[in-house]
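Heads up: the structure comes next, in structure tokens.
The sequence lines fix the lettering, A, B, ..., with proteins before strands; numbering per chain opens at 1.
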Amino acid sequence: MTDRYDPHEIEPKWRNRWLADNLYHASDDDPRPKWFALTMFPYPSGDLHTGHWYAMAPSDAAARYRRMLGFNVMFPMGFDSFGLPAENAAIKRGVDAKEWTYANIDRMREQLKLMGAGFDWDREVVTSDPEYYRWSQWWFLQLYNRGLAYRAEAAANWCPGCKTVLANEQVVDGRCERSDDVVQRRFLTQWFFRITAYAEELLKFEGIQWPESIRTRQANWIGRSEGARLSFAVDVPGVDELLTVFTTRPDTVFGATFMVLAPEHALVEKITTAEQRASVTAYAESASRATEIERLSTDREKSGVFTGAYAINPFNAERIPIWIADYVLVTYGTGAIMAVPAHDQRDFEFAEKFGLEIRPVYAPKEGALPNPLREALAHGSRTISSGAFDGLDEAQAFEQMVDWASERGVGERTTNYRLRDWLISRQRYWGAPIPIIHCEQHGIVPVPEEDLPVTLPEHVTFDSSGVSPLTQIADWVNVRCPVDGGPARRETDTLDTFMCSSWYQMRFADPHNSERPFSRAAAKQWLPVDQYTGGGEHAVMHLLYSRFFWKAARDMGLVEGDEPMLRLVTQGVILGPDGNRMSKSRGNVVAPDELVSQWGADAFRCQLMFVGPWDQGGPYNPTGMAGIVKWLHRLWGLATEEPTLSTDADEEATRTLRRATHKTIRAVTAEMEGFRFNTLISRLMEHTTAMQRARAAGSVDRAAWEEAIATAILLTAPLAPHLAEELWERIGKPYSVHLAAWPVCDAALARDDEVELVVQVNGKVRDRVTLPLEASEEEARVAVFASAIVRQWLDGAEPRRVIYVPGKLLNVVL
RNA sequence: GCCGGGGUGGCGGAAUGGCAUACGCAGCGGACUUAAACUCCGCGGCCGCAAGGCAUAGGGGUUCGAAUCCCCUCCCCGGUACCA
């Protein structure tokens, strides 16, 4: 037995023992209350990086804490293993996508084990396994059968680099979230999930503890706005279609002096006059060529063209010109607006540029209307120039005008959402095939459930075009129609990987079920997730999709409750030592493997938790490792080298040590509940110092010492699991510390006997006095005014006022 | 522009109305050691000999008392953006 702390000796020993004993397996028949702790599973990119450690080590600590509190904890791990990097490796380097992926998984699984986390490896799921994606396909069919999956032509985001469409959520600043290529707009027939059916419910966050920032981002993304649809007749011979607009300000309809359609709007073709056709076509073409980035630039000057056609305002029968302009988006509302330049700044700028009428329909809140208007008047006092509706405030005008339109069938109150349906088809190979067959006779035919999985062909070759190989494999594509056995073709698009990760937490409840995605009993036992941890960057992707999926599953009667994850804590981004995101090009990447082989997993875990508040992230510099390592050595030394123990040690010293121990239990427990690992560790360091002081002071009470050491080991166990296990054994406790009970604070022992009262004169600290804990205000005053320093400051003057905060402070005001 | 989070020693950070700078890093001094450190002890905001004064991005306010609450301004990070 070595006497020195050597992580390289103890860490492999305990890791192997835990694995051999299956210590962290969550049993289905355990009477204790369940706790489903989940940290976002990784994409198997090939290497576990510092970001993974930063996310997972504290998640593991929190799960271990719950286990010690007496919960039947399930803390599973898996791999989100479909996706483009595997395919890119296949295209660029000629490796096999599957082999590349599974080699990475094997490597990362070993790296994850080095972390010493308490993952239940029996429940591992890999989304690219047929046993898993079979059920992803099954979910697709359920959603299809319920009308929540559909195929439609729509303007889609096309990434030229990835050669596939993307969901709106995967477009960041007009660029592909993955490859950074500028996204193009293409009209394509694609598969969608009807997430908009749940838009309203997704805005509610009842019964869950999620960070404000994530809830806000989801709410902004869903973008609910209340308003009305108004229909305008089109004054074009032979066109009886109505031009319907969505507006949040139907109360300004008398100020509508022109209409604007998105260049892609279906009506444009039908209403454009012969005279205007050439310029309209040219404008529409240039708009379609413009990238999303160019079109979305808000400081760009307004542009547009007159169609030559007019609409009729249903309120006053006025003929108003119809324009097209790219500031109106085909994807929002109805793709058409009534322009009210006097009360909308964008319309105002457009009207100014093209010399269109600007007609105020509200009097300003103060003063007279400027003439001419310098900018749009967003809100006014009372309606003017609005016919029979004059003299109303905004709310009244809204109500009365929408009622008027509803009665005549030319409008209705409506709620509009910015959220679009989730585009889930991808023109890529390395994903779960969409289980659909296209039959010449029967059109879209779902693959029968008993034929699942639709297996992804292996060992495919990529040609230089980058087109998905699935389209090239004739004996995979050509199938018999399930209805009549006639000739048919498989759908060659695959599912967005975000679809595979939208339900993975459900699969963890019953990961090996080959009859269904999970049994009802397993769902009841384990779901929903009690504590989810991961990166906030998934706010409007994974975290939104998972909520949608859960609600759909609930409506199918498969799960209970309205939310998939009850409590969410998102960690910040760990940065390189220079304060920038870690990247190879910057040369600021900190490689976990090197640090672990030098200092051990426990030290690395602890240092990552110690650097700062977890939810904020921040720079990470390995130079700080020394402090953590010193602390672990100090703890080791205390646990392995006993002081002189006695039963008649100094009573006050004993009391002091026990007080430190119980105060530490209280503080560490609170920090653990709040995911404040940095201050948690500082508390443990202080306790370690207190024990060192006690040992240095001479003989120590045996019971108090043993309590202090055992407590320190227990409180450290979630953070440094290997070290704690070793020390627990060395002090003669039964295996395993990770199954031991979390210590409980004895309030009487934690209590202070006396307090140090801060003495202020006019709010400035001048002195301190020590008083018994129960000292009255009168006793405090006596002690304070007896102080020579205080009397010097008073200089004979009478205090005007005395503020007393029991146990803390006494302020003398002159 | 709008929404969210921030700005405290040389550095990471602590304190969310009551002792500013906990706990660490780096630094300095000392002990032990032939020598060392993943050992131990100590020092450490700025000005000042001291008494004391001044310091939490900047300015103003509330309060007996403000890093903390309110108002204004500046800066950094993240999100989002012609959303009708």
Which part of the nucleic acid does [X] contact within heavy-atom distance under 4.0 Å: base, sugar-phosphate only, or nothing?
{"X": "Arg418(A)", "result": "base"}
{"X": "Asn678(A)", "result": "sugar-phosphate"}
{"X": "Ser225(A)", "result": "sugar-phosphate"}
{"X": "Val765(A)", "result": "sugar-phosphate"}
{"X": "Arg766(A)", "result": "sugar-phosphate"}

When the [atom1] atoms of [N] and [M] are considered, how many whole Å apart are they?
{"N": "A20(B)", "M": "A14(B)", "atom1": "C1'", "answer": "10 Å"}
{"N": "G27(B)", "M": "C11(B)", "atom1": "C1'", "answer": "11 Å"}
{"N": "C32(B)", "M": "C40(B)", "atom1": "C1'", "answer": "8 Å"}
{"N": "A55(B)", "M": "G4(B)", "atom1": "P", "answer": "31 Å"}
{"N": "G10(B)", "M": "G1(B)", "atom1": "C1'", "answer": "38 Å"}
{"N": "A15(B)", "M": "C23(B)", "atom1": "C1'", "answer": "12 Å"}
{"N": "C82(B)", "M": "C72(B)", "atom1": "P", "answer": "28 Å"}
{"N": "G13(B)", "M": "C25(B)", "atom1": "P", "answer": "16 Å"}

Atom-pair distance ([atom1] on [X]; [atom2] on [N]), nearest Å:
{"X": "Arg4(A)", "N": "C38(B)", "atom1": "CZ", "atom2": "C1'", "answer": "6 Å"}
{"X": "Glu686(A)", "N": "A14(B)", "atom1": "CD", "atom2": "P", "answer": "14 Å"}
{"X": "Gln760(A)", "N": "C19(B)", "atom1": "CD", "atom2": "P", "answer": "8 Å"}
{"X": "Asn811(A)", "N": "G17(B)", "atom1": "CG", "atom2": "C1'", "answer": "13 Å"}
{"X": "Gln345(A)", "N": "C2(B)", "atom1": "CD", "atom2": "P", "answer": "14 Å"}
{"X": "Glu349(A)", "N": "C82(B)", "atom1": "CD", "atom2": "C1'", "answer": "9 Å"}
{"X": "Leu608(A)", "N": "C25(B)", "atom1": "CG", "atom2": "C1'", "answer": "15 Å"}
{"X": "Phe677(A)", "N": "G13(B)", "atom1": "CZ", "atom2": "C1'", "answer": "17 Å"}

Among [options], find the nucleotide with the atom closest to the side chain of [X].
{"X": "Ser682(A)", "options": "C82(B), A22(B), C3(B)", "answer": "A22(B)"}
{"X": "Gln692(A)", "options": "C82(B), C41(B), C23(B)", "answer": "C41(B)"}
{"X": "Leu809(A)", "options": "A84(B), C82(B), G18(B)", "answer": "G18(B)"}
{"X": "Lys808(A)", "options": "C25(B), C82(B), G18(B)", "answer": "G18(B)"}
{"X": "Pro613(A)", "options": "C64(B), G13(B), A22(B)", "answer": "G13(B)"}
{"X": "Trp221(A)", "options": "A22(B), G18(B), U80(B)", "answer": "U80(B)"}
{"X": "Thr247(A)", "options": "A84(B), C82(B), G53(B)", "answer": "A84(B)"}
{"X": "Asp344(A)", "options": "C64(B), C38(B), A84(B)", "answer": "A84(B)"}
{"X": "Arg217(A)", "options": "G79(B), C3(B), C82(B)", "answer": "G79(B)"}

*Assess whether salt bridge (charged side-chain N to carboxylate O under 4.0 Å, His left out) is satisfied between Glu226(A) and Arg413(A), documenting all intermediate values.*
CA-CA 8 Å; Glu226(A) 303 242 22; Arg413(A) 231 172 235 92; over 6 Å; no
_For G61(B), glycosidic torsion class - syn if within 90° of 0, otherwise anti_ =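 Classified anti.
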*asked:* Tell me whether the rings of Trp53(A) and Phe604(A) are parallel (<30°), tilted (30 to 60°) or perpendicular (>60°).
replied: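 Aromatic pair Trp53(A)/Phe604(A) classed tilted.
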Does [N] have a Watson-Crick or wobble partner in any strand here, with both distances under 3.5 angstrom, and which is it?
{"N": "C25(B)", "result": "G10(B)"}
{"N": "A67(B)", "result": "none"}
{"N": "G52(B)", "result": "C47(B)"}
{"N": "G78(B)", "result": "C3(B)"}
{"N": "A57(B)", "result": "U73(B)"}
{"N": "U62(B)", "result": "none"}

Give a yes-or-no answer on whether the side chains of [X] and [Y] include a donor-acceptor pair shorter than 3.5 Å.
{"X": "Tyr620(A)", "Y": "Gln607(A)", "answer": "yes"}
{"X": "Asp421(A)", "Y": "Thr196(A)", "answer": "yes"}
{"X": "Thr770(A)", "Y": "Glu754(A)", "answer": "no"}

_For Ser303(A) and Arg693(A), find the nucleotide of RNA chain B closest to each by heavy atoms; which residue's nucleotide sits nearer the 5' end?_
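By nearest-heavy-atom nucleotide position, the 5'-most residue is Arg693(A).
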_Nearest-nucleotide comparison on RNA chain B, the residue closer to the 5′ end among Val805(A) and Gln598(A)_ =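 Checking each residue's closest nucleotide, the 5'-ward one belongs to Val805(A).
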side-chain N/O [X] vs [N] OP1/OP2, d < 4.0 Å:
{"X": "Ser213(A)", "N": "G79(B)", "result": "no"}
{"X": "Arg634(A)", "N": "G24(B)", "result": "yes"}
{"X": "Arg801(A)", "N": "C64(B)", "result": "yes"}
{"X": "Lys630(A)", "N": "C25(B)", "result": "yes"}

State whether the distance check finds a donor on one side and an acceptor on the other, under 3.5 Å, for side chain [X] versus base [N].
{"X": "Arg768(A)", "N": "C19(B)", "value": "yes"}
{"X": "Lys302(A)", "N": "C82(B)", "value": "yes"}
{"X": "Gln616(A)", "N": "G6(B)", "value": "no"}

*asked:* Between Arg781(A) and Glu777(A), does any side-chain N to carboxylate O distance fall below 4.0 Å?
replied: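 Salt bridge flag = yes for Glu777(A) with Arg781(A).
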*Derivation of the ring-ring contact (aromatic ring centres under 6.0 Å, His included) call for Trp422(A) and Phe498(A)*: CA-CA 10 Å; Trp422(A) 173 16; Phe498(A) 277 107; 7.6 Å; no
_Arg418(A) charged N/C atom sitting above Trp221(A) aromatic ring, 6.0 Å / 45°_ =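 The answer is yes, since Arg418(A) meets both limits relative to Trp221(A).
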*Six-ring centre of Phe350(A), Lys302(A) cation under 6.0 angstrom, axis tolerance 45°*: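 Lys302(A) over Phe350(A) ring: no.
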